[in-house]
Amino acid sequence: MRIVFIGPPGAGKGTQAENIIAKYKLAHLSTGDMLRAARDAKTEIGVEAEKYMSSGRLVPDEVVIGVIADRLKQDDCKTGSLLDGFPRTIAQAEALDKMLAGAGTPLDVVLELKVPDDELFTRLSKRGRADDNPDTIKERISVYNNQTSPLLDYYGKKGLLKTIDGMGTVEEIFFRIEKVLDPPKST
Ligand code: AMP
């Protein structure tokens, strides 16, 4: 199973991603985690990426597309993967379509975790990651609304989009996700 997981910063994607990969045995491909690891290791990509991450802007498409292309070639992605935080632009989505088509493994579903902006702000303000200060939070939410939300239409037109209400407890939200991912049993 190949899943794209989309949601604004603070929607709770990280927590639900952990639940999804555990139950459905998928490789977890989080570009945010990969870029933070590259930054901490001070690789060339990491040092470049940090300039964007620290201000809440998107890292250039060609950089993240390269990172994901390399990662998707690894063995653990053969049986299935959860793409978390990628794609974030139409150009990234088109590049992903080409990569997956080339491998003969198209996307099965795109999950959108939906949470209102004011709630995101409250949640992120409590979290305390380096890029969770008020100015960066505002920038990341606006980047999501301007650059990433067009993907909802892009995947909606392909018939792949499923929207999950991201308000409620972790368990309630995961139950909604399972209802989408577990196909109804045929009798
Ligand atoms: P995240 O952990 O997904 O919230 O990502 C943290 C930061 O990493 C974002 O604010 C961006 O600066 C960068 N980033 C992560 N994924 C991408 C992506 N697919 N495209 C561009 N920048 C990204």
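Every number for a ligand or one of its atoms is a count from 1 in the order of the listing.
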**Prompt:** Do any N or O atoms from the side chain of Asp84 and from the backbone of Ala17 form a donor-acceptor pair under 3.5 angstrom?
**Reply:**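 No, because the side chain of Asp84 does not come within donor-acceptor range (under 3.5 Å) of the backbone of Ala17.
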**Message:** Keeping Glu172 on the side-chain end and Thr169 on the backbone end, is there a donor-acceptor pair under 3.5 Å?
**Reply:**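 Yes: the side chain of Glu172 pairs with the backbone of Thr169.
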**Message:** Here's one to test your reading of the geometry: is the NZ or CZ of Lys157 within 45 degrees of the ring axis of Tyr154 and under 6.0 Å from its centre?
**Reply:** no
**Item:** Short side-chain donor-acceptor distance under 3.5 Å, Thr89 and Asp61
**Value:**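 Yes, a side-chain donor-acceptor pair sits under 3.5 Å.
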**Request:** Examine the side chains of Thr136 and Asn133 and answer whether a donor and an acceptor come within less than 3.5 Å of each other.
**Result:** yes
**Prompt:** Around ligand 1, what residues show up once you keep those with a heavy atom under 4.0 Å from it?
**Reply:** Thr31, Gly32, Leu35, Arg36, Met53, Arg57, Leu58, Val59, Val64, Gly85, Phe86, Arg88, Gln92, Arg129
**Lys23, NZ: over 12 other non-hydrogen atoms inside 6.0 angstrom** = yes
